[in-house]
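These notes concern the structure reproduced below.
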Protein chains: 2
Amino acid sequence: MAGEKYVYLFEEGNSGMKDLLGVKGASLAGMTNIGLPVPPGLVITTRACLEFNSGGAKFPAGLEDQILGGIEAIEKKTGKIFGGPENPLLFSIRSGTPVFIPGIADTVLNLGMNGRIAEGLAKEPGGWHFALDCYLRFLYMFSEVALGCDHRKFDEILQAKTRIGNNPDGGLSTGDLKDIVRAFRKLAESETGRPFPRDPRVQLFSAVRAVFNSWNSRRAKLYRKINLIPDSMGTAVIVQAMVFGNMGRDCGTGMVFTRNPATGADELYGEYLANTQGDDVPTANRSPRPIGVLKTEMPGVYRQFQEVRRLLERHHLNMQHVDFVIEKRKLYILHTRNGKSTIRAAVKIAADMAGSGMITREEAIVRVDAAQVDQLLHKRIKPSPGLKVIALGLPASPGAASGKVFFDPGEAEKAGRQGERVILVRTETMPDDLNGIIAARGILTSRGGMASHAAVVARAMGKPCVCGCEALGIDYRAGQFTVGRLTIKEGDYISIDGSTGQVILGEAPIVDPELSEELNQILRWCDEIRALQVRANADTPGDAEKARILGAEGIGLARTEHMFIAPDRLPIVREMILADTAEDRARALKRLLPIQRDDFYHIFKAMNGFPVTIRLLDPPLHEFLPNAGDLAVEITRLRLSGGPLEEIRAKEKLLRRVRQLSESNPMLGHRGCRLGITHPEIYAMQVRAIFEACASLAGEGYKVLPEVEIPLVVDVREFVQLSELVHRVADAVMSETGASFQYMVGTMIELPRAALLADELAEEAEFFSFGTNDLTQTALGLSRDDAEGKFMNLYLEKKILPHNPFEVLDRKGVGRLMKITVELGRKTRPDLIIGICGEQGGDPRSIEFCHRIGLDYVSCSPYRVPKARLAAAQAAIRQNSESRIQNLE
Amino acid sequence: MAGEKYVYLFEEGNSGMKDLLGVKGASLAGMTNIGLPVPPGLVITTRACLEFNSGGAKFPAGLEDQILGGIEAIEKKTGKIFGGPENPLLFSIRSGTPVFIPGIADTVLNLGMNGRIAEGLAKEPGGWHFALDCYLRFLYMFSEVALGCDHRKFDEILQAKTRIGNNPDGGLSTGDLKDIVRAFRKLAESETGRPFPRDPRVQLFSAVRAVFNSWNSRRAKLYRKINLIPDSMGTAVIVQAMVFGNMGRDCGTGMVFTRNPATGADELYGEYLANTQGDDVPTANRSPRPIGVLKTEMPGVYRQFQEVRRLLERHHLNMQHVDFVIEKRKLYILHTRNGKSTIRAAVKIAADMAGSGMITREEAIVRVDAAQVDQLLHKRIKPSPGLKVIALGLPASPGAASGKVFFDPGEAEKAGRQGERVILVRTETMPDDLNGIIAARGILTSRGGMASHAAVVARAMGKPCVCGCEALGIDYRAGQFTVGRLTIKEGDYISIDGSTGQVILGEAPIVDPELSEELNQILRWCDEIRALQVRANADTPGDAEKARILGAEGIGLARTEHMFIAPDRLPIVREMILADTAEDRARALKRLLPIQRDDFYHIFKAMNGFPVTIRLLDPPLHEFLPNAGDLAVEITRLRLSGGPLEEIRAKEKLLRRVRQLSESNPMLGHRGCRLGITHPEIYAMQVRAIFEACASLAGEGYKVLPEVEIPLVVDVREFVQLSELVHRVADAVMSETGASFQYMVGTMIELPRAALLADELAEEAEFFSFGTNDLTQTALGLSRDDAEGKFMNLYLEKKILPHNPFEVLDRKGVGRLMKITVELGRKTRPDLIIGICGEQGGDPRSIEFCHRIGLDYVSCSPYRVPKARLAAAQAAIRQNSESRIQNLE
């Protein structure tokens with residue numbers, strides 16, 4: 001359009017003009033405006049590109065003049081002349097789009113070059129070698145970008161010169177360079193059939209034209225189509241004066257962070273390589289030196305850096321990652337962006353910046369990647385050279401451990417008692433193996449997924465576990481496992497990292513977790529902001545204490561089955577299950593009562609003043625019995641080897657009971673409240689244990705808030721039957737003890753039918769807790785055990801599912817059921833307490849969803865509590881800012 | 001209320017006055033009005049009862065006078081006198097509520113009796129014995145109902161007389177009766193502390209008062225509360241002149257049906273016992289004689305019966321069940337109601353009545369109990385005396401068979417080839433046993449539910465099967481089973497009835513099924529009325545043909561896995577599954593291709609012109625492999641007994657693969673379209689087989705309408721990947737053969753997530769079919785295999801679930817998902833075809849629901865097709881009549 005401004009000098013633009021100048025152009029304008037030492041330049045607008053492309057590949061009227069006008073201004077600033085044989089001004093040409101798009105033309109450096117100008121350049125400190133190096137690079141890039149030549153032919157020429165490619169800077173003589181320059185120019189001319197453009201202006205305009213054309217390259221168009229980026233966006237072109245880090249020892253290039261990206265310390269951090277041109281740093285064979293050396297070598301430049309660092313952070317309000325060039329002891333900033341850091345550093349930087357008032361507390365909270373926070377909370381293997389990773393399994397329970405390999409749980413227990421550090425290695429684990437698991441520092445299995453027995457128990461105990469490591473060939477009889485050609489014998493050392501799934505040979509160095517003061521600070525700010533309560537899933541007094549320390553405001557799920565599998569109880573539990581008569585069963589239950597009461601007593605005590613949700617027994621009874629297949633094999637062996645008849649008979653009887661109880665789909669079987677309906681005596685014992693503990697603690701002045709939770713409900717009639725039992729026992733305990741205590745009775749929502757009938761359930765239930773593990777399994781018809789480590793990977797690879805729905809809530813399916821539940825439930829009972837205790841309750845994306853649909857709390861394993869506090873606050877902040885925006889609109 | 005009419009003579013009422021006169025009162029009024037010989041009487045209204053109860057237990061003003069007036073009218077009609085010493089008029093007093101309510105006062109017979117009146121009665125032909133018998137009964141009933149005495153004390157007096165209770169009519173002498181009468185009166189007086197009322201009017205009023213009071217008995221009030229029956233309904237009181245069947249040989253009582261209730265034949269059917277009073281018939285030791293004897297003994301009465309039969313049916317438009325009394329060769333009708341008949345008779349009666357224009361076709365259709373129709377379609381055991389039922393299992397697959405017991409499938413097969421009728425008896429069956437199942441007439445197992453392997457395969461093959469018959473102690477090694485003290489050896493005869501679950505010793509007589517002309521007639525009328533299409537679930541050409549004969553309009557579900565387990569294919573299928581290399585797998589698939597093609601060819605041919613939905617492979621691959629436990633035992637045995645090393649190694653390899661593939665919850669595992677995603681080559685083979693069959697048949701002039709169905713979809717991305725594969729193969733087959741054919745690609749909706757995302761799925765899928773078996777399992781988190789025969793019974797007993805949700809659709813949960821699916825699916829694609837192929841598709845109540853939510857078809861096993869046609873028509877009729885009623889309102 002006539003009269004339109006197509007060209008902006010950097011100082012004419014600003015950092016908000018991304019649409020017109022592209023991200024890079026706007027950034028350079030912004031940097032220039034805050035007074036950073038940016039080499040001067042101009043930006044040709046995206047509108048110019050669009051008019052070029054819609055106007056038959058012709059520059060819009062006035063564009064050439066505006067470019068030349070801009071160049072004149074740059075000449076004035078630099079004192080150099082574009083196309084001048086003395087003191088020549090060279091340019092870099094770059095594309096700059098408003099959003100990232102691949103397939104747009106690459107960079108051309110040192111534009112404005114020809115033989116005569118090279119002579120002028122050779123008068124600079126770098127001499128002919130420097131001048132020819134610049135010329136060579138220009139020819140290479142310009143030929144490819146502007147002339148459309150295939151770079152592979154140029155590479156062949158480079159390869160032909162010995163040692164080329166190994167060390168192009170230091171290795172080529174000036175003569176070599178001259179030969180290559182000549183050969184490059186000839187090749188370009190024979191490829192295009194035209195003389196190589198010598199006129200710097202022609203070079204400039206054809207480079208600009210090439211960038212404009214590349215907007216419609218096949219690759220760029222396809223990418224825009226897939227990502228719904230409008231074709232009417234266009235690309236800007238940045239024309240910037242070259243500065244040279246390769247003119248001598250007082251020149252160089254490098255990159256710095258404005259803070260230490262590993263620790264977050266408030267100090268300049270980075271590296272620097274003398275006498276090189278920008279693009280060399282990543283490939284150079286010379287090692288760069290820490291930026292600190294400048295303090296003595298070029299103290300002026302170092303002071304300049306400190307000033308730049310201050311300017312950059314004040315402007316970007318974030319740690320910056322900066323590319324720079326030093327030309328004759330003068331610092332130039334080429335590029336800056338938000339720096340990536342470790343989670344440890346990110347936490348410290350955010351806390352420091354908010355502490356100094358540079359950013360708000362909300363901004364500090366949002367900056368910390370919640371997904372990474374639990375990296376700070378488990379022991380981990382210190383990444384070190386020489387670690388020998390021998391296999392990779394599923395990261396089933398975070399943390400790291402090293403120790404001696406043991407296969408037999410009994411042996412493991414014995415070794416543990418003798419003070420050995422034990423890693424228990426099994427194909428898979430069973431309730432029978434619990435003594436070995438308890439004795440072990442870490443568990444490694446070759447079979448089973450994230451929900452296998454080993455994984456669940458290990459997570460519950462906070463022990464590291466790697467599961468389903470199929471590469472292991474375990475041979476119990478030989479007392480060894482093989483992996484590839486390696487054989488590891490019982491007693492050999494290995495290390496495992498349950499956060500990454502790595503299995504490492506020998507003893508790897510292990511680092512302890514710590515909650516830094518900065519993280520604590522940020523979490524306290526989170527607690528002030530978040531709407532969601534954060535509770536913990538905890539089954540033991542130890543876990544409950546840990547959870548309180550990490551900030552949990554109660555227990556959202558105390559699973560009573562884990563109390564059943566402890567080695568001192570399992571025999572009694574089995575007696576109870578296998579009882580032939582009601583009296584035998586009652587006797588076993590009577591023995592379990594004081595043990596359960598003791599569990600609850602200590603959990604309640606640790607959670608003094610906070611609510612504790614106790615789920616009544618959930619798993620099918622056969623989970624507490626030995627495996628039928630193993631028993632059958634054992635019986636066959638005993639029979640054929642003439643074993644004692646009495647033992648055979650006893651085992652056969654046991655096998656019959658195991659088979660009677662066994663199920664083809666235990667996940668959908670006789671468990672949860674179905675057990676409560678068929679075996680009310682078990683639930684009655686558990687409820688009595690809960691209330692007797694309450695009564696004792698009430699007498700000692702503690703505040704106990706038990707929430708009795710009935711699992712696997714599909715119909716309100718199940719709930720009514722069992723809640724009546726709960727009330728009956730509560731009344732009995734109160735009248736027996738004279739104590740009085742409050743309690744609630746509620747239900748898990750873990751089956752689709754329960755979600756769909758939430759209005760009816762809420763008539764009776766005082767709280768809901770989403771069991772999203774089972775809800776996901778049933779809504780998707782997907783057994784976690786059977787999917788993970790099997791077809792789930794393919795599903796994620798093929799993007800059939802965006803995430804593993806057992807880690808990240810499936811919002812479309814499971815989430816819809818949750819929304820229905822919340823709506824229906826609160827319609828009946830507006831003050832219904834609703835939480836989530838499935839594993840997704842510790843996942844930041846899932847927590848955001850829980851916040852949005854109005855849950856009261858999330859509950860997750862103790863070590864995920866800090867992450868959940870953070871994610872809950874982030875969700876609240878995001879929603880607030882969205883509603884502020886909506887209010888503005 | 002003053003002036004209100006509280007008393008209606010029968011002839012003053014009509015059959016519509018149920019609210020005021022109660023059901024019985026209105027019925028007696030109706031019978032009287034159409035000219036039936038009803039003993040005269042009156043009805044005291046429910047309003048009188050209400051005013052009595054609200055007015056402090058006093059008769060409303062005018063009631064006594066109205067009653068006495070009514071009695072006067074009855075005296076005139078009968079020529080007898082109430083309270084008269086000669087020719088005395090006695091009454092029966094009964095309660096009569098508008099709806100059934102238990103706990104309302106019982107009947108009093110022979111009211112109006114005292115010593116003097118008994119003397120008058122003794123002048124009748126029955127003499128003193130008759131008179132005292134009447135008196136005794138009156139005292140007994142009146143004391144209990146009106147005086148509130150405990151009948152057990154009266155029973156003791158009766159017991160004290162020898163032989164009493166065994167044969168009270170024939171066995172007691174007149175002297176005995178006199179003693180008892182005296183004792184009864186004394187007992188009543190000592191119990192109440194007052195003289196026994198001798199005045200017939202006092203008797204009458206206190207009986208009426210007793211009925212009124214009983215309206216508020218604890219039991220009646222509780223029942224009303226539970227069933228939401230308003231307390232403001234009240235009970236009427238019926239006062240009816242007694243007639244006596246016990247006055248001599250020309251008297252008697254009995255009951256008749258207006259048609260034959262066993263066959264439906266249009267003839268008087270019933271029985272008659274001379275010289276008895278009404279209530280004796282059910283307990284009398286004398287055997288009643290067929291009503292036909294009256295033809296010669298009392299031809300006048302028999303003629304009267306024919307007239308009564310005509311009147312009754314014309315009035316009630318239904319077969320009637322009539323209680324009658326003959327008093328001195330005169331017929332009296334006491335009571336009539338719609339008669340219960342066998343389903344066979346019901347069908348014939350409905351067809352005959354509609355054929356003669358007595359009722360409409362719609363009425364005929366509605367009268368047939370759809371739930372019973374399939375009783376007409378399977379072989380069944382003819383109920384005969386002397387059948388020895390030795391055990392009861394689950395009725396897993398309908399039909400009956402008898403034959404020799406075989407335990408070993410191989411032996412069974414051999415015997416079958418030699419023409420033996422075989423009953424295969426196993427603890428449970430496996431795919432390996434298929435040869436034996438094929439050879440057997442029927443299958444009997446001691447383990448497993450309605451969805452066990454044996455049950456599913458038997459239903460698919462249309463063979464009778466009794467499952468989970470836990471009373472059997474099967475001992476394979478001894479070649480026998482025990483049940484109680486009985487031992488049945490291999491080769492002994494037994495019979496099983498898969499419709500009832502009965503196991504019978506020896507060869508029971510078996511009756512063939514037949515589709516009667518009347519049933520066919522009614523089903524043709526159904527076809528004109530119903531909106532729902534009826535398809536069949538059929539996996540073989542034989543089933544497809546059977547389905548067509550029974551009226552199926554296509555196949556709604558052809559399961560391809562049943563084609564995989566046939567004994568000629570299973571080895572190839574195993575080869576395919578166990579293949580070490582892609583080439584080995586491809587080779588096995590290539591061998592399966594022509595076999596599958598042949599299956600489809602013949603199914604399509606049988607269904608010429610009708611749609612056939614083929615579900616691609618659904619079950620997990622391990623279902624086709626042997627059981628891991630058995631293999632492990634086998635290996636242990638081989639090892640310890642020094643078996644050949646090569647065999648051990650091979651079995652160990654097999655075991656490893658079986659274990660690799662085994663799943664903890666196969667229902668939720670690697671199956672359905674998940675197999676298609678991970679093993680596209682299997683689906684590609686199946687689809688090719690389908691389309692090659694289409695191409696052949698198109699060439700032969702058949703019309704093929706295949707609907708390729710992708711099972712277990714949870715996300716549209718699964719569907720897209722696999723439907724693309726289907727289209728690719730279809731295109732290939734068309735271009736290879738030059739043939740052209742139509743086809744559709746759709747999906748099962750069998751997981752909650754699919755239901756919730758039906759709008760997205762309908763973007764791609766051309767049809768939906770509800771797999772309500774799996775949808776029920778997942779929505780309720782309930783494995784059918786594990787629930788049935790275990791805790792499901794308790795759930796039904798305790799009324800936690802109203803029905804077994806695998807038999808009758810769970811409307812509240814699964815039904816809600818179905819409604820969501822239909823709404824969402826049709827929003828995206830208004831012409832989306834939606835059907836149901838789960839087992840509930842053959843259940844009438846579920847079919848009604850499917851009709852209401854607008855499905856296009858139901859699909860069920862071939863033998864249930866007639867039932868489904870009927871149920872679909874009934875659903876349409878009911879909905880039409882409801883909307884007619886709504887239009888009127």
Side-chain angles (χ1 to χ4, degrees), chain A residues 447 452 620 628-630 632-637 640-641 659 663-670 672 674-675 677-678 712 714-715 717-718 721 750-757 760 774 777-787 790-791 794-795 798-801 810 812-814 816-817 820, chain B residues 447 620 628-630 632-637 640-641 659-660 663-670 672 674-675 677-678 712 714-715 717-718 721 750-757 760 774 777-787 790-791 794-795 798-801 810 812-814 816-817 820:
Chain A
R447 276 221 299 269
S452 64
D630 293 349
V633 167
E634 177 68 18
I635 290 167
T636 307
R637 184 173 296 141
L640 290 174
S641 62
R659 284 211 172 126
E663 297 181 303
S664 45
N665 294 286
M667 174 57 51
L668 309 176
H670 191 171
R674 294 161 195 172
L675 279 176
I677 298 281
T678 58
L712 216 76
V714 292
D715 196 282
R717 280 168 284 203
E718 293 172 311
Q721 289 212 5
E750 52 187 336
L751 295 173
R753 192 181 198 265
L756 296 167
L757 299 178
E760 289 187 12
D774 278 10
Q777 296 202 92
T778 46
L780 277 73
L782 192 66
S783 162
R784 181 170 191 176
D785 258 345
D786 299 317
K790 289 189 172 173
F791 58 91
L794 190 66
Y795 262 57
K798 290 199 167 195
K799 300 206 185 303
I800 291 172
L801 293 174
D810 161 39
K812 281 173 93 169
V814 175
R816 198 176 292 195
L817 285 173
I820 291 172
Chain B
R447 274 220 302 267
D630 294 350
V633 168
E634 177 70 18
I635 290 168
T636 306
R637 184 172 295 141
L640 289 175
S641 62
R659 285 213 171 125
Q660 247 176 18
E663 296 181 304
S664 46
N665 294 285
M667 173 60 49
L668 310 176
H670 192 172
R674 294 161 195 171
L675 279 177
I677 298 280
T678 57
L712 216 75
V714 291
D715 196 283
R717 279 167 285 202
E718 293 171 312
Q721 288 213 5
E750 52 186 335
L751 295 175
R753 192 180 197 266
L756 296 167
L757 298 179
E760 289 187 13
D774 278 10
Q777 297 202 93
T778 46
L780 276 73
L782 193 66
S783 162
R784 180 169 192 176
D785 258 346
D786 299 317
K790 289 189 175 171
F791 59 90
L794 190 67
Y795 262 58
K798 291 201 166 193
K799 301 209 182 302
I800 291 172
L801 293 174
D810 160 38
K812 282 173 93 170
V814 176
R816 195 175 294 194
L817 285 174
I820 291 173

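In this text, all values refer to a predicted model and were calculated from it rather than measured experimentally. Proteins get letters first, then strands, A, B, ... in listed order; numbering begins at 1 in each.
Heavy atoms of A:Asp810 lying under 4.5 Å from chain B belong exclusively to its side chain. Only the backbone of A:Lys799 comes within contact range of chain B, with at least one heavy atom under 4.5 Å from a heavy atom of that chain. If you measure heavy-atom distances from A:Arg816 to chain B, the contacts under 4.5 Å come from the side chain alone. Both the backbone and the side chain of A:Ala632 come within less than 4.5 Å of a heavy atom in chain B. When heavy atoms are compared at a cutoff of 4.5 Å, A:Glu750 does not approach chain B at all.
Atoms CZ and CG, on B:Arg674 and A:Leu794 in that order, are 12.5 Å from each other to the nearest 0.5 Å. Rounding to the nearest 0.5 Å places CG of A:Leu817 at 5.0 Å from CG of B:Leu756. Taken from CE in B:Met667 to OG1 in A:Thr778, the straight-line distance is 13.5 Å, to the nearest 0.5 Å.
The residue among B:Gln777, B:Gln660, B:His670, B:Lys798 with the most heavy atom pairs within less than 4.5 Å of chain A is B:His670. Your options are A:Arg659, A:Glu663, A:Arg753, A:Arg447, and the one with the most heavy-atom pairs under 4.5 Å with chain B is A:Arg753. Of the residues considered (B:Ala755, B:Ala779, B:Gly629), B:Ala779 shows the highest number of contacts with chain A, using heavy-atom pairs under 4.5 Å. Looking only at heavy-atom pairs under 4.5 Å with chain B, the residue among A:Leu675, A:Leu782, A:Thr636 that has the most is A:Leu782. Among the candidates A:Gly672, A:Pro666, A:Gly813, A:Gly781, the residue making the largest number of heavy-atom pairs closer than 4.5 Å to chain B is A:Gly781.
Here the shortest heavy-atom pairing between B:Leu751 and A:Leu780 reads CD1-O, 3.3 Å.
Proximity of a side-chain donor or acceptor of A:Asn665 to a complementary backbone N or O of B:Ser783 within less than 3.5 Å is not detected. Not one N or O on the side chain of A:Asp785 forms a donor-acceptor pair closer than 3.5 Å with the backbone of B:Ser664.
Residues B:Leu668 and A:Leu668 are in side-chain contact: their nearest non-hydrogen atoms beyond the backbone lie under 4.5 Å apart. Contact of the B:Ile800 side chain with the A:Ile677 side chain is registered, since non-hydrogen atoms from C-beta on lie closer than 4.5 Å. Between A:Leu640 and B:Arg637, the closest side-chain pair of non-hydrogen atoms falls below 4.5 Å.
Applying the salt bridge (charged side-chain N to carboxylate O under 4.0 Å, His left out) rule to B:Lys812 yields the partners A:Glu760; only residues at least two apart in sequence or on another chain are considered. Residues forming a side chain to side chain donor-acceptor pair (under 3.5 Å) with A:Glu718 (at least two apart in sequence, or on another chain): B:Tyr795.
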